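What you see is a predicted model; the values in this text were computed from it and never measured. All chains are named by letter (A, B, ...) in the order of the sequence lines, taking the proteins before the strands, and each is independently numbered beginning at 1.
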There are 2 protein chains.
Amino acid sequence: MRDILHIQKKLVPDLVQVMEKRYKILHRIFVAGTMGRRSLAASLDLTERTLRAELDLLREQGLLDAGTSGVTLSEAGRRLLEELEPLVKELFGLSELEEAVRLKFGLRKVVIVAGDSDESDDVKREIGRAGSRVLAQSMEPGDIVAVMGGTTMARMAAHLKVSAPMKDNWFVPARGGLGESVDYQANTIASELAKRTGARYRMLHVPDHLSEDAYQSIMQEPNVREVVDMIRSARIVVHGIGDAATMARRRKLSQETIDELIRDGALAEAFGYYFDREGRVVHRMVTAGLRLEDIEAAGTVIGLAGGRSKGEAIASVMRFGHDDVLVTDEAAAEEALRRA
Amino acid sequence: MRDILHIQKKLVPDLVQVMEKRYKILHRIFVAGTMGRRSLAASLDLTERTLRAELDLLREQGLLDAGTSGVTLSEAGRRLLEELEPLVKELFGLSELEEAVRLKFGLRKVVIVAGDSDESDDVKREIGRAGSRVLAQSMEPGDIVAVMGGTTMARMAAHLKVSAPMKDNWFVPARGGLGESVDYQANTIASELAKRTGARYRMLHVPDHLSEDAYQSIMQEPNVREVVDMIRSARIVVHGIGDAATMARRRKLSQETIDELIRDGALAEAFGYYFDREGRVVHRMVTAGLRLEDIEAAGTVIGLAGGRSKGEAIASVMRFGHDDVLVTDEAAAEEALRRA
DNA sequence: GATAGCTGGACGCTTTATGTCCCGCCACAC
DNA sequence: GTGTGGCGGGACATAAAGCGTCCAGCTATC
């Protein structure tokens with residue numbers, strides 16, 4: 001059953017939303033018995049006109065009747081609702097989950113794709129696609145977008161598609177190199193995104209693991225300085241979320257540092273910071289780029305991550321509380337809620 | 001599984017249509033391997049621009065790729081199509097059936113509702129509803145509509161709904177009384193239809209089973225004459241279809257006549273005429289009203305009938321060849337095709 | 001008999017969809 | 001190598017649909 005919807009959603013992406021909207025209308029009318037258009041519109045948070053279009057359609061389908069004192073479910077409508085009831089949870093589970101996660105972490109928007117990234121590459125791809133849509137919707141002319149690295153980010157970049165060239169937008173890497181494969185570096189991703197959108201980009205070449213002296217002197221370089229300033233004024237930040245242990249290993253942190261992270265209860269990593277269960281910052285990478293205050297100042301911070309194994313890390317970063325939008329998958333969302 | 005498709009047809013019929021369109025596009029591309037937009041548009045009977053909007057969306061969904069020599073299904077697209085195949089029949093089966101019936105009998109339009117009228121009153125109601133929609137779509141200002149009697153016609157009348165009053169339309173009974181319950185007489189139905197649409201109507205009171213003399217003299221009556229002239233110039237004719245034996249009994253024909261009908265192979269009845277298997281007229285009722293030549297002259301002839309038991313009769317009347325639109329149910333349509 | 005709340009009609013504005021044309025490009029045939 | 005037909009994709013004016021808003025007429029209820 002689930003499959004069917006999954007298939008249909010590919011063909012008609014907003015199928016479920018529409019079904020949900022109509023279900024809610026029918027359900028509301030069922031509960032109220034008889035109800036007028038205005039009060040119905042108010043209680044469903046629809047405008048009178050759009051509701052009316054829906055009501056006309058539903059009546060056309062013979063699901064409801066309009067009397068002089070409001071609309072009522074017809075016999076067929078009641079029967080449909082009854083058949084629909086057991087499917088509701090499965091049908092709209094994701095949007096309910098989205099809402100639950102949104103409220104739990106006080107986010108502006110949550111997008112959840114079906115499945116578990118840990119188990120299927122399709123789901124990973126879907127997160128990338130969903131993320132790219134969110135980014136495209138969020139961008140406005142003139143915006144500077146700072147992006148992090150990682151495979152999820154790379155996938156997001158690969159799916160971004162815009163209708164019109166964004167000639168006066170900039171993409172910048174949120175931080176210097178991360179010692180990863182070049183495909184997954186923030187620099188690469190920023191340039192890829194710029195290429196795909198017709199926007200401009202700047203790169204930031206600052207090696208990891210610099211001594212304090214070397215760091216200070218490289219920061220004096222005018223063109224490094226310039227890029228860093230741009231990064232710090234980014235209006236949109238897009239980042240992946242990792243679990244602390246994996247990230248520490250990938251970044252080849254010293255055993256000493258890793259021990260320290262463990263002692264401090266570091267669970268999650270995002271934009272170069274490590275967070276404990278409560279969302280407190282317990283460690284930060286020493287490298288040029290985005291600072292916490294820049295994150296706070298950014299208008300839109302978008303987090304991308306999926307897979308049940310990342311649920312805890314996601315919960316931790318969300319508790320940190322400066323993300324606005326989360327794009328994840330079903331398994332991770334459930335896990336994050338459970339941990340929170 | 002079947003439930004959900006069933007529900008969707010009721011709740012989101014518009015989206016089901018969209019799904020069908022997109023399925024057809026994918027399917028066509030799959031068959032062709034790779035295909036250009038223009039030739040695709042031509043073969044699917046869509047305009048280039050609308051097709052393009054669909055293609056953009058499907059590509060957005062990752063279902064197809066656009067190369068230099070046309071569009072091709074992506075791996076995901078092929079997979080989707082494969083998964084979709086078993087659903088196609090259930091989802092769009094009726095429209096394929098509609099098309100098959102349409103071609104078989106050379107009709108302008110065929111509307112089929114799911115189910116079997118013999119088994120469920122809901123299906124009968126649906127035929128009425130569908131018929132009323134067809135009629136509303138067919139009517140244009142100034143049109144005279146001639147209607148027959150019968151329960152199906154009565155149900156159709158009960159569901160007719162128009163957006164604007166049809167002040168300059170007329171409804172007339174196609175024939176005089178049929179000796180049935182008053183609710184199902186053509187006169188009653190014509191007046192009901194007029195009341196529901198804001199149109200005007202005329203009645204025709206000519207008893208069945210008149211002697212030739214009485215018939216001739218009643219036809220001299222100016223106001224009978226007037227109504228008959230109107231009937232004969234109807235631009236739209238709506239009629240039910242019955243099987244010959246049942247109708248003969250209902251009309252209390254003499255045993256002699258019934259024997260004659262049987263001998264001549266009468267199978268079906270419509271607008272007062274009896275037809276054999278090949279659609280030839282084998283008998284006609286002697287009463288005032290629509291003649292065969294008026295049927296032939298009418299712009300739109302709409303036939304309504306459902307139930308597997310009527311399949312053969314429907315096939316017979318359709319072979320007669322002067323209907324333009326058929327509204328029926330799934331079982332009757334299958335049976336009619338089988339018999340033809 | 002007054003009143004509140006209902007449906008359905010109307011209308012102008014905004015957004016979206018659509019028809020149409022064109023350009024540069026690539027593959028293929030010659 | 002070169003010509004050519006068909007391709008995708010951009011552009012744009014226009015038609016159509018969607019939507020917010022208001023109103024008339026009606027009816028149930030107090």
Side-chain angles (χ1 to χ4, degrees), chain A residues 12-14 17-18 21-22 25-26 28-29 32-74 77 136-137 160-167 195-198, chain B residues 12-15 17-18 21-22 25-26 28-29 32-74 77 136-137 159-167 195-198:
Chain A
V12 188
D14 48 0
Q17 279 107 299
V18 176
K21 180 162 71 174
R22 295 191 186 155
I25 293 172
L26 288 179
R28 195 41 152 275
I29 296 171
T34 287
M35 202 172 189
R37 208 171 48 207
R38 281 171 237 279
S39 52
L40 196 56
S43 85
L44 289 167
D45 201 27
L46 295 170
T47 66
E48 187 190 328
R49 197 61 185 73
T50 51
L51 173 69
R52 193 166 155 187
E54 296 296 338
L55 289 181
D56 286 348
L57 186 144
L58 291 173
R59 195 180 33 188
E60 181 73 14
Q61 290 298 114
L63 299 176
L64 47 83
D65 299 317
T68 59
S69 55
V71 291
T72 321
L73 287 196
S74 69
Q137 283 165 14
L160 189 63
K161 183 89 204 316
V162 289
S163 46
M166 298 175 149
K167 290 193 205 304
K195 207 173 64 191
R196 298 187 64 90
T197 55
Chain B
V12 283
D14 42 350
L15 299 189
Q17 268 186 301
V18 173
K21 179 164 70 176
R22 297 192 181 149
I25 293 173
L26 288 179
R28 194 39 154 276
I29 296 172
T34 174
M35 202 171 188
R37 206 174 44 201
R38 286 174 239 278
S39 52
L40 196 58
S43 86
L44 288 167
D45 201 28
L46 295 170
T47 65
E48 186 189 328
R49 194 61 185 75
T50 50
L51 174 68
R52 192 164 155 189
E54 297 298 339
L55 289 181
D56 286 349
L57 186 142
L58 291 172
R59 196 180 33 188
E60 180 74 14
Q61 293 296 314
L63 300 177
L64 46 84
D65 300 318
T68 59
S69 55
V71 291
T72 321
L73 288 196
S74 70
Q137 283 165 14
H159 284 111
L160 188 64
K161 185 88 202 317
V162 289
S163 47
M166 299 173 150
K167 289 194 205 306
K195 207 173 63 190
R196 298 187 65 90
T197 54

Atom [atom1] of [X] and atom [atom2] of [N]: how far apart are they, to the nearest Å?
X      : N       : atom1 : atom2 : result
L46(A) : dT21(D) : CG    : P     : 14 Å
L51(B) : dT20(C) : CG    : P     : 15 Å
D45(A) : dG20(D) : CG    : P     : 11 Å
E48(B) : dC12(D) : CD    : P     : 17 Å
L55(A) : dT7(C)  : CG    : P     : 8 Å
M35(B) : dG6(D)  : CE    : C1'   : 13 Å
R49(A) : dT15(C) : CZ    : P     : 17 Å
E54(B) : dG8(D)  : CD    : P     : 15 Å

| task | Drop me the distance from L64(A)'s CG to I29(A)'s CD1, to the nearest 0.5 angstrom. | result |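 The CG atom of L64(A) sits 5.0 Å away from the CD1 atom of I29(A).
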| query | Between CE of M35(B) and CZ of R28(B), what distance do you get to the nearest 0.5 Å? | reply |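 Separation between the atoms: 5.5 Å.
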| request: Only counting residues at least two apart or in another chain, list the ones meeting salt bridge (charged side-chain N to carboxylate O under 4.0 Å, His left out) with R52(B). | output: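 Not a single residue meets the salt bridge (charged side-chain N to carboxylate O under 4.0 Å, His left out) criterion with R52(B).
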| field | side chain to side chain donor-acceptor pair (under 3.5 Å) partners of Q137(B), counting only residues at least two apart | value |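 Applying side chain to side chain donor-acceptor pair (under 3.5 Å) to Q137(B) gives K109(B).
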| message | Suppose we screen for side chain to side chain donor-acceptor pair (under 3.5 Å). Which residues come up paired with T72(B), at least two apart in sequence or across chains? | response |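 Checked T72(B) against side chain to side chain donor-acceptor pair (under 3.5 Å); zero matches.
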| query | Can you name the side-chain contact (heavy atoms from CB on, under 4.5 Å) partners of T50(B), sequence neighbours left out? | reply |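 Here the qualifying residues are L46(B), T47(B).
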| Partner set under side-chain contact (heavy atoms from CB on, under 4.5 Å) for L57(A), not counting sequence neighbours |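 Partners of L57(A) by the side-chain contact (heavy atoms from CB on, under 4.5 Å) criterion, ordered by chain and then number, come out as R22(A), Q61(A), P13(B), D14(B).
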| query | Counting only non-hydrogen atoms, which of residues 56-72 of chain A are less than 4.0 Å from DNA chain C? | reply |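 When residues 56-72 of chain A is checked for heavy atoms under 4.0 Å from DNA chain C, the hits, listed by number, are R59(A), A66(A), G67(A), T68(A), S69(A), G70(A), V71(A).
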| Of all pairs that satisfy salt bridge (charged side-chain N to carboxylate O under 4.0 Å, His left out), the ones with a partner from residues 57-70 of chain B, not counting sequence neighbours |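 The answer is D56(B)-R59(B).
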| task | Determine which pairs satisfy salt bridge (charged side-chain N to carboxylate O under 4.0 Å, His left out) with at least one residue from residues 38-47 of chain A, sequence neighbours left out, and list them in order. | result |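 Qualifying pairs, neighbours excluded: R38(A)-E48(A).
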| message | From C-beta outward on T50(A), which listed nucleotide comes closest to its side chain: dC19(D), dT21(D), dT18(C)? | response |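 Comparing dC19(D), dT21(D), dT18(C) against the side chain of T50(A), the answer is dC19(D).
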| query | Does some side-chain heavy atom of L55(A) sit less than 4.5 Å from a side-chain heavy atom of L40(A)? | reply |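 Yes, their side chains come closer than 4.5 Å.
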| task | Return the angle between end axes of the helix from dG1(C)-dC30(D) to dC30(C)-dG1(D), with five pairs used per end and rounding to 10°. | result |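 End-to-end axis angle for the helix from dG1(C)-dC30(D) to dC30(C)-dG1(D): 30°, rounded to 10°.
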| said: For DNA chain D, which residues of residues 37-44 of chain A approach it to below 4.0 angstrom with any heavy atom? | reply: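 The stretch gives R38(A) as the residues lying under 4.0 Å from the strand, ordered by number.
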| query | So, does S74(B) use its side chain to make a donor-acceptor pair with the main chain of G62(B) at under 3.5 Å? | reply |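 Such a contact is found between S74(B) side chain and G62(B) backbone.
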